[in-house]
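What follows is a short report on a single structure.
Every heavy atom of this structure was used, including side-chain atoms; hydrogens, water molecules and symmetry mates were not.
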Amino acid sequence: MTEWSSNETDSAARAGSTLAEPSPPNAGEIPIETRGQATLRFARTQKLGTTAGLFIVLLILLAAFAAVVAPFEPTEQNRHAFLAAPGVGNWLGTDDLGRDLLSRIIHGARISLYVGTVTVAVSLFLGVLIGLVAGYIGGAVDGALQALIDAILSIPPIVLALFVASLLGPSISNVIIALVIVTTPRFARVARGEMQRVKSEDYIEAAVVLGASRARVMLRHGLPNMVPALTVVASLGFGNIIIAEAALSFLGIGTPPPEPSWGLMLSQGMMYFELAPWIVIFPGVAISLAVLSFNLFGDALRDFLDPKLIR
C-alpha cells in the first residue's frame, strides 16, 4: 500500500480533493477568486465576449417575455397588410399572410433557445455519463463505447440529423431527439478525455487508497474537473444547434407550421424574396446574430478558462 506524506495530502486537497481542508495559499500561488471577482475579470479582459454575453441575455429575456414584448400574436393575420414593407405598426414588415415579422422573430427566438437548451442539457447528461464510465473504467467497456461514438461521428452531423428527423416526422420533440443523437458523442469524447487526464492525478489515487468507490471518484473528483471544458463545448455547440434546427425547419422536417421557427420563416419567404426581401433578410439576420453571439461567447470563455492565461 502506498504511503502518503502530509505534503502530498495537502497538494491533493488544493487540487480539488475533499480528503483534507485546503491550506492557505503560499507566496507565489494563484489566489482563489470569488465568482464576482471572476465575472469582473471576464468583463475586463474579454470585452467582445462580454458584449456577446449581454446580447444572449437580451435574447433570453425576449424569448421569456415574448407574449408581452411582441406587438402581435405570431399567427395573427392582417388581410389588409400582405407583404407590407417595414414601417410604423409593422416595424419589420409582414409576410405573405399578413403576419407581423417582428412578432414572429421574437417568438421564434423562444423555439430556438428551447430546442438548444433541451438538446444541450440532455446531450450533456448522456455524454458526461458515457465519458465518465469510459474514461475511468477503460478496457473493454471503453472500447465498446468508443466504437459506438466513432460510428456516429463518422456520419456528417447534418446528414444524420436529416435522416433521424425524416424518420420521426416534423415536430419540435423529434428535432430535439435527432439533435441529441448528433450532439451527445462530442460531449462524451470531451468527458472521456478529461476523465482519463484526471484519474492519474495524485488526489484520485489517494481517494482510491482510502476506499472511495468508483462512483464517488467519478462524481466527486472527476466531474468537477471537467466542468470548464464542458462549459466551453456547450456554449460553442449551442450555436451549431440553432443552425441545425433552422436547417431542418427550412427543409420541412423540423418545426411544423404555423410555429414561428426562424428556419421555417426563411423557407416560406424564399418564393417572395424578389418582391419582399425583408421576409428572408430579417430572420437570416436573427439566426446570424444568435449564432455569432454564442460562438464569440464560447471563444471568450475558452480563453478565459485557459490555465496558461490565468497567471
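Linking Ile, Leu, Val, Met, Phe, Trp and Tyr residues whenever their side-chain heavy atoms come within less than 4.5 Å leaves Leu54 and Val285 in two separate clusters. By the rule that hydrophobic residues join a cluster once side-chain heavy atoms approach within less than 4.5 Å of another member, Leu92 and Val69 end up as members of one cluster. Ile56 and Leu301 fall within a single hydrophobic cluster, where Ile, Leu, Val, Met, Phe, Trp and Tyr side chains are chained together by heavy-atom contacts under 4.5 Å. With hydrophobic clusters built from ILVMFWY side chains whose heavy atoms lie under 4.5 angstrom apart, Leu129 does not share a cluster with Leu223. Placement of Leu132 and Val227 in two distinct hydrophobic clusters is found when ILVMFWY residues are connected by side-chain heavy-atom separations under 4.5 Å, directly or transitively.
Taking CG from Leu48 and CG from Asp299, the interatomic distance works out to 9.0 Å, rounded to the nearest 0.5 Å. To the nearest 0.5 angstrom, Ile242 atom CD1 is 6.0 Å from Trp262 atom CH2. The CG atom of Asn225 sits 6.0 Å away from the CZ atom of Arg197 when rounded to the nearest 0.5 Å. Of the inter-residue distances, the one linking Leu251 atom CG with Leu264 atom CG reads 11.0 Å to the nearest 0.5 angstrom. Distance CG/Asn295 to CZ/Phe238: 12.0 Å, rounded to 0.5 Å. Remark: Leu97 CG to Arg104 CZ distance equals 8.0 Å, nearest 0.5 Å.
Gly222 and Val198 make their closest contact through CA-CG1, 4.3 Å (heavy atoms, listed as atom of the first residue, atom of the second, distance). Listed here is the closest heavy atom pair of His107 and Ala66: NE2-O, 3.7 Å. In terms of heavy atoms, Met265 sits closest to Pro260 at SD-O, 4.1 Å. Of all the heavy atoms in Ala52 and Leu296, the pair that sits closest is CB-CB, 3.8 Å. The minimum heavy-atom distance between Gly127 and Ala191, with the atom names listed, is O-CB, 3.9 Å. Pairing each heavy atom of Ala161 with each of Leu179, the nearest pair is CB-CD2, 4.4 Å.
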Side chain to side chain contact (heavy atoms under 4.5 Å, CB included) between Val182 and Thr119, intermediate numbers included = CA-CA 10 Å; Val182 171; Thr119 301; over 6 Å; no
Determine, step by step, whether Leu83 and Ile279 satisfy the side chain to side chain contact (heavy atoms under 4.5 Å, CB included) criterion, reporting the C-alpha distance in whole Å, the side-chain angles of both residues, the deciding distance to 0.1 Å, and the verdict.
-> CA-CA 8 Å; Leu83 301 177; Ile279 300 181; 3.2 Å; yes
Take Arg41 and Phe304 through the side chain to side chain contact (heavy atoms under 4.5 Å, CB included) test and state the conclusion after the steps.
-> CA-CA 9 Å; Arg41 184 165 64 88; Phe304 180 75; 3.4 Å; yes
Can you check side chain to side chain contact (heavy atoms under 4.5 Å, CB included) on Val217 and Lys199, steps first, answer last?
-> CA-CA 9 Å; Val217 170; Lys199 74 176 183 179; over 6 Å; no
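Contact of the Leu292 side chain with the Ser288 side chain is not registered, since no non-hydrogen atoms from C-beta on lie closer than 4.5 Å. At a threshold of 4.5 Å between non-hydrogen side-chain atoms, the residues Leu148 and Ile130 do not count as touching. Side chains of Phe187 and Val128 form no contact here, defined as non-hydrogen atoms less than 4.5 Å apart. A 4.5 Å side-chain heavy-atom check between Val115 and Ile172 finds at least one atom pair inside the cut-off. In this structure, Ile152 and Arg186 have side chains that are not in contact, with every pair of non-hydrogen atoms separated by 4.5 Å or more. With contacts defined as side-chain heavy-atom distances shorter than 4.5 Å, the pair Val280/Met270 qualifies. Looking at Ser293 and Leu59, their side chains never come closer than 4.5 Å, going by heavy atoms from C-beta outward. Looking at heavy atoms from C-beta onward, Leu101 lies out of side-chain contact with Asn90 at the 4.5 angstrom threshold.
No side-chain donor-acceptor contact under 3.5 Å links Ser103 to the backbone of Ala70. Distance alone, capped at 3.5 Å, places no donor-acceptor pair between the Ser267 side chain and the Gly263 backbone. Remark: side-chain polar atoms of Thr184 are not paired, donor with acceptor, to backbone N or O of Ile181 under 3.5 angstrom. Between the Asn174 side chain and the Leu168 main chain, a donor and an acceptor come within less than 3.5 Å of each other. Looking only at distances, a side-chain donor or acceptor of Ser235 sits under 3.5 Å from a matching main-chain atom of Val232. Ser249 places a side-chain N or O within 3.5 Å of a backbone atom of Thr255 that can act as its donor or acceptor partner. The closest donor-acceptor contact from the side chain of Arg192 to the backbone of Gly135 lies at 3.5 Å or more, if one exists at all. Formation of a donor-acceptor pair under 3.5 Å by the Thr183 side chain with backbone atoms of Val180 is not found in this model. A side-chain donor-acceptor contact under 3.5 Å links Trp278 to the backbone of Thr94.
Using the six-membered ring where Trp is involved, Phe42 and Phe297 have ring planes that are perpendicular, over 60° apart on the 30 and 60° scheme.
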